[in-house]
Amino acid sequence: MEVRPRKVRRVVIPVAIVLVVVFTVAAVLLRNTPTGAYFRVSDQVSMAALGVLLACGALLLLRPRMRAGLDGIEVRNIVGTRLFEWDDVLAISFPDGASWARLELADDEYAPVMAIQSSDGASAVQAMRDLRELRRQVDAVRGGEQQESQRESQSGGDDAAAARSDQDEQG
């Protein structure tokens, strides 16, 4: 399962384009100002580069992503990426008034999941439902594995007890 914010894409890409265009036009027109200030080519290049840097900063808002599978949840926000195993995640919540979802961790800590944003509306609700369903499936699989390992350890204990009783009969 992979989730990315949707509405942010529709806003950030045009904003980044506008930033580059506005700063490039300003850089071209910068040389011909009636203020009496003298701008050099380096000033024009700097102005265009500033527009590119601001656009790149805006495009960082497209970076959030969440991938979830049987191994755990990988959360990539604007700055970093973290992998959480399901055992570390106590709950998945979307608090009232919050902009994005979060993973509830041990010791009253939480990790923001910026990929599931309230501005996405119904797709955010569906992403939360899918993520919670995946959590239930993982718990069911792990519960089955634990029961199986308990049965194996119990049957192993029964075999050992039977072997001891056989040795007692022979001795």
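Here, residue 1 is the first one in the sequence, and each next residue gets the next number.
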Side-chain donor or acceptor of R135 paired with backbone N/O of V89 under 3.5 Å: yes
Heavy-atom pair of closest approach, residues I116 and F94: O-CE1, 3.6 Å
Hydrophobic cluster membership, with links at side-chain heavy-atom distances under 4.5 Å among I/L/V/M/F/W/Y: are V8 and I13 in one? yes
A quick test of your reading: do over 12 heavy atoms of other residues, nucleotides or ligands sit less than 6.0 Å from CG of D108? no
Closest non-hydrogen contact found for L83 with G72 is CD1-C, 4.5 Å
On a heavy-atom basis, the closest approach of A115 and P64 is N-CB, 3.9 Å
Let me confirm one number: the CE-CG distance from M1 to L134, rounded to the nearest 0.5 Å. 7.0 Å
If you round to the nearest 0.5 Å, how far is OG1 of T24 from CG of L50? 10.5 Å
For N77 and P112, indicate whether the former's side chain and the latter's backbone hold a donor-acceptor pair under 3.5 Å. yes
Any chain of hydrophobic side-chain contacts (each under 4.5 Å) joining I17 to L61? yes
Are M66 and W86 linked, directly or through other ILVMFWY residues, by side chains that come within less than 4.5 angstrom of each other? yes
As an exercise, state the distance from CD1 of I92 to CZ of R129, rounded to the nearest 0.5 Å. 14.5 Å
Is any side-chain heavy atom of R4 less than 4.5 Å from a side-chain heavy atom of R76? yes
Flag the pair D43 / R40 as yes when at least one side-chain heavy-atom distance between them is below 4.5 Å, and no otherwise. yes
On a heavy-atom basis, the closest approach of M114 and P5 is O-CG, 4.2 Å
Is W100 reachable from V12 through a run of I, L, V, M, F, W or Y residues, each pair having side-chain heavy atoms under 4.5 Å apart? yes
Shortest non-hydrogen contact from A55 to A16? CB-O, 3.5 Å
Do the side chains of T81 and R63 get nearer than 4.5 Å, heavy atoms only? yes
What distance separates D120 CG from Q126 CD, expressed to the nearest 0.5 Å? 13.0 Å
Between R6 and Q117, is there a side-chain heavy-atom distance shorter than 4.5 Å? no
Are any non-hydrogen side-chain atoms of I73 and L131 less than 4.5 angstrom apart? yes
Student check: side-chain heavy atoms of V15 and L19 closer than 4.5 Å: yes
Quick one: are L53 and F23 in side-chain contact, heavy atoms under 4.5 Å? no
Is there a continuous path of hydrophobic side-chain contacts, each under 4.5 Å between heavy atoms, that joins Y110 to L90? no
What's the spacing between L59 CG and I78 CD1 if we round to 0.5 Å? 11.5 Å
I'd like to know if the side chain of D88 and the backbone of A106 have a donor-acceptor N/O pair within less than 3.5 Å. no
Answer yes or no: are there more than 12 heavy-atom neighbours, outside R82 itself, under 6.0 Å from its atom CZ? no
